[in-house]
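Just the heavy atoms: all of them, side chains too, but no hydrogens, waters or symmetry mates, feed the values below. Quick note on labels: first sequence line is chain A, next is B, and so on, each numbered from 1.
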Number of protein chains: 2
Amino acid sequence: MTDIPRDRTDQSLIALRRILRATELYSRELAQSVGLTPAQLRVLQILAAHDGHDTPTDLAHQMGVSQATVTALVDKLVTRGMVSRVPSHTDRRQTHVTLTKAGEAAGKEAPDALQQRYVREFEKLEDWQQALILAALERVAAIFDSGRHDAAPVLTGGEIRAARHE
Amino acid sequence: MTDIPRDRTDQSLIALRRILRATELYSRELAQSVGLTPAQLRVLQILAAHDGHDTPTDLAHQMGVSQATVTALVDKLVTRGMVSRVPSHTDRRQTHVTLTKAGEAAGKEAPDALQQRYVREFEKLEDWQQALILAALERVAAIFDSGRHDAAPVLTGGEIRAARHE
DNA sequence: ATAGTTTACTTAGCTTACCAAACTAAACGG
DNA sequence: CCGTTTAGTTTGGTAAGCTAAGTAAACTAT
């Protein structure tokens, strides 16, 4: 531990940035090619992972955005015929956002090229390499996640239902 | 998509998503606290890394956005007094976007959430852990980058091209 | 030198994503 | 029945991004 850690810190930061940048650019690109935006695609994918339907609240939760944003996204997906809104019969306040066949197909057809590529390459790696990468990624994720809640800044005037995030 | 938690591939994807998500949310949050948006912050940081000035074209290039977008961003930074536009005297078509003192300060004061938190935690780790994480991140970055502009890079074995970065 | 092209940047007009605050409607707890 | 909480939507706003169409300077070739 007498080493100066600067070097590796910087390098890992650069790698991280490359990942972020590639993701950002790529998802734009991809979504464009399928006629869906990244956010819309995410909705379809989450729905697919939930038997094709989910409530707006849950979606908002899982995407880390507000309900209002989900409403807007779902609106667009509805007009594109990708999902439909089905009122719940157990609780009539609730709506189920439901994948249509078209939506299901679209979600599958564009299963996030980023992911595709990653899966493909990852699975080429040897076992021990996979294990190392996984461990490293989880570590990094933990670092980032750790700061997620305490951040709640300012807005001290009165209590805010800060219940929103995650 | 299967319901069954598959394996390391899936887990690593999840970790990756966590990283992306945390970064996204955090950078919004942070930038807000300084009165700047993430994109605006990025401009300041790039400028800082370029002796405080750069052309819109270069900025666009480095950020992976169009010139028009840069114009809009710079407009906002100008009205906030963070940068100014200085016409080049060697080529009068060119503009130099130049950091003001305020811009320099702001860029420093909010040195990129990503960096902040990550650096602190990363440097707490032991040497060998740092090395592993770095290796893993670079690997992943290479996977993502590899698909960026041409169709078939096919990286075989350990060879990875780490081209194209400032 | 002057017309035509290329390069650098801005303008204009639009879409998407996001949010907070206000609103509607149903459910629940007395 | 009333009040509160919960689910969603609406409204109005900001920001980031794009394309396409300008303007102006700088090259290039007549």
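B:Thr57 comes within 4.0 angstrom of the backbone, heavy atoms only, and of no base. Looking at heavy-atom distances under 4.0 Å, A:Ala68 makes contact with a base. At a threshold of 4.0 angstrom between heavy atoms, the contacts of A:Thr71 include nucleobase atoms, whether or not backbone atoms are also involved.
Judged by distance alone, with hydrogens and angles left aside, the side-chain atoms of A:Thr100 form a donor-acceptor pair with the main-chain N or O of A:Gly81 at under 3.5 Å. A donor-acceptor pair under 3.5 Å is absent between the side-chain atoms of B:Thr69 and the main chain of B:Gln67, judged by distance alone. Proximity of a side-chain donor or acceptor of A:Gln130 to a complementary backbone N or O of A:Phe122 within less than 3.5 Å is detected. The backbone N or O of A:Thr57 sits nowhere less than 3.5 Å from a side-chain atom of A:His61 that would complete a donor-acceptor pair.
Residue pairs meeting the salt bridge (charged side-chain N to carboxylate O under 4.0 Å, His left out) criterion with at least one member in residues 56-71 of chain A: none, sequence neighbours excluded.
Applying the 4.0 Å criterion to OP1 and OP2 of C:dA20, one finds that A:Gln67 has every side-chain N and O outside that range. Contact annotation: A:Ser66 does not reach the phosphate of C:dC18 (side-chain N/O to OP1 or OP2, under 4.0 Å). Contact annotation: B:Lys76 side-chain N/O to D:dA16 OP1/OP2 distance is under 4.0 Å.
Rounded to whole angstrom, the span from the NE2 atom of B:His53 across to the P atom of C:dC9 amounts to 13 Å. One interatomic measurement links the two molecules: CE of B:Met82 to P of D:dA15, which rounds to 13 Å at whole-angstrom precision. Between B:Met63 atom CE and D:dA16 atom C1' the separation is 10 Å, expressed in whole Å. The CG atom of A:Asp58 sits 8 Å away from the P atom of D:dG8 (whole-angstrom rounding).
Among the nucleotides D:dT10, C:dT10, C:dC18, the one closest to the side chain of A:Asp75 is D:dT10. Of the listed nucleotides (C:dC19, C:dA17, C:dT10), C:dT10 has the atom at the smallest distance from the side chain of B:Arg85. In this structure, of D:dG8, D:dA16, C:dA17, it is C:dA17 that holds the atom nearest to the side chain of A:Leu73.
Between B:Lys124 and B:Glu121 there is a salt bridge, since at least one side-chain N of the basic residue sits less than 4.0 Å from a carboxylate O of the acidic one.
Linking Ile, Leu, Val, Met, Phe, Trp and Tyr residues whenever their side-chain heavy atoms come within less than 4.5 Å places A:Leu59 and A:Leu41 in a single cluster.
Residues of residues 91-100 of chain B that place a heavy atom closer than 4.0 Å to DNA chain D, in numerical order, are B:Asp91, B:Arg92, B:Arg93.
Both B:His89 and B:Arg80 lie close to DNA chain D; mapped to their nearest nucleotides by heavy-atom distance, the more 5′-ward contact belongs to B:Arg80.
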